[in-house]
Amino acid sequence: MSAPATRSEAGFRAPVGVDTDRASVARVYDYSLDGKDNYPVDRAAFEAILAVAPGQREVSRLNRRWLNRVVRYLSGSAGIDQFLDVGAGLPTVCNTHQVAQQENRDAQVVYVDNDPLCCAHGRALLEQNANTHYLCGDLLEDGTLLETQGVTRYLDPGRPIGLIVCGVLHHVDDCFDPGAVVRGYTDRLADGSFVAITSFWDPGDEDPGLHVLAKRVERAFTEMGVGSGWYRTREQQLEYFGGLELVEPGLVGLADWWPAGPPTRPRRPEERLMLGGVGHKPLPSPSRIHPV
């Protein structure tokens, strides 16, 4: 089982890679989506989470469906034709490039992950055309990934980019200040870009009952699961969108962000403990010429 991580640790938990004795964030997520690229240690870690939150598997599915809706919106009506998907993990169904290139076959998509196993699988399965690439890199790299040669080889930083940070920030320790990490990217993005984020939510005083559940699931992730997975408040998550204009309906539960249709059943408590939002970096206002 993975060694627990705490919010005060000075250091980022190294990617597991092919180590079969430690649970991997990417492989656990793969198992939660009924994937096949996982090991007994990963399945045991997620089963420990399910013992506390039986509906957690559906949270992963909600997260994936949210990503698909967002990418369809960005590559369609929003007109974004280049994407940087950070912390992409292992390939699964309806990946970012597949959705984006359904709307625009010329859309450029660069996936990045810090786990060598994810990179190897990603390159083998996702690089199906000249507009799709999978690179090794870390969200926390100095200067951000937007300045690395690998990314700038395929994406033009001078034009709007769709930055995807889906299900990643709750695995970044507080000591790294996730809000500041995102702002580092936002500051470097061209005007007109979008930033799409999902993260585990601690309702706090908004819903004391769900707050208790959030803390229990957090302990399952950090102490019995993958060693990270912190639930943060709405106020903390709104910091991720500093300097951006939130696209309606704002930072909301995953099922509430442009749902495909009305709910077919009541939501499980676990399904309410993850928020998603899309921020837009506005274009500068046109200068006005006043007559003398």
Spell out, as yes or no, whether a donor-acceptor pair under 3.5 Å connects the side chain of H97 to the backbone of T132.
no

Would you check if the side chain of E58 reaches a backbone N or O of G55 as a donor-acceptor pair within less than 3.5 Å?
no

Ignoring hydrogens and angles, tell me if any N or O in the side chain of Q101 forms a donor-acceptor pair with the backbone of A107 under 3.5 Å.
yes

Check this for me: R64, atom CZ, are more than 12 non-hydrogen atoms of other residues, nucleotides or ligands nearer than 6.0 Å?
yes

Donor-acceptor pair, distance only, cut-off 3.5 Å: does the side chain of E127 make one with the backbone of G122?
no

Only one of T92, N63, N38 forms a side chain to side chain donor-acceptor pair (under 3.5 Å) with Y29, so which one is it?
N63

Determine yes or no for a side-chain-to-main-chain donor-acceptor pair under 3.5 angstrom, with E141 supplying the side chain and D138 the backbone.
yes

Strictly distance-based, threshold 3.5 Å: is any side-chain N or O of W258 a donor or acceptor partner for the main-chain N or O of E248?
yes

Verdict with reasoning, H280 to F194, per side chain to side chain contact (heavy atoms under 4.5 Å, CB included):
CA-CA 4 Å; H280 179 225; F194 289 83; 3.3 Å; yes

Side chain of Q128, backbone of L125: donor and acceptor closer than 3.5 Å?
yes

Crowded around R234 CZ? As in, over 12 foreign heavy atoms under 6.0 Å?
yes

Name the one of L146, V110, I80, D81 that satisfies side-chain contact (heavy atoms from CB on, under 4.5 Å) with I161?
L146

Using only atom types and a distance under 3.5 Å, with no angle test, would you say the side chain of H133 pairs donor to acceptor with the backbone of A130?
yes

Examine distances only and state if a side-chain atom of Y39 and a backbone atom of S24 form a donor-acceptor pair shorter than 3.5 Å.
no

How many angstroms lie between atom OG of S77 and atom CZ of R72, to the nearest 0.5 angstrom?
11.5 Å

Would a distance-only check, ignoring hydrogens and angles, find a side-chain to backbone donor-acceptor pair under 3.5 Å from D30 to D37?
yes

Take V195 and K281, measure what side chain to side chain contact (heavy atoms under 4.5 Å, CB included) needs, and give me the verdict at the end.
CA-CA 8 Å; V195 180; K281 187 170 184 178; over 6 Å; no

Is it true that R232 and E239 make a salt bridge, defined as a side-chain N closer than 4.0 Å to a carboxylate O?
no

Quick check with a 6.0 Å cut-off and a 45 degree axis cone: is R57 positioned over the face of Y31's six-membered ring?
yes

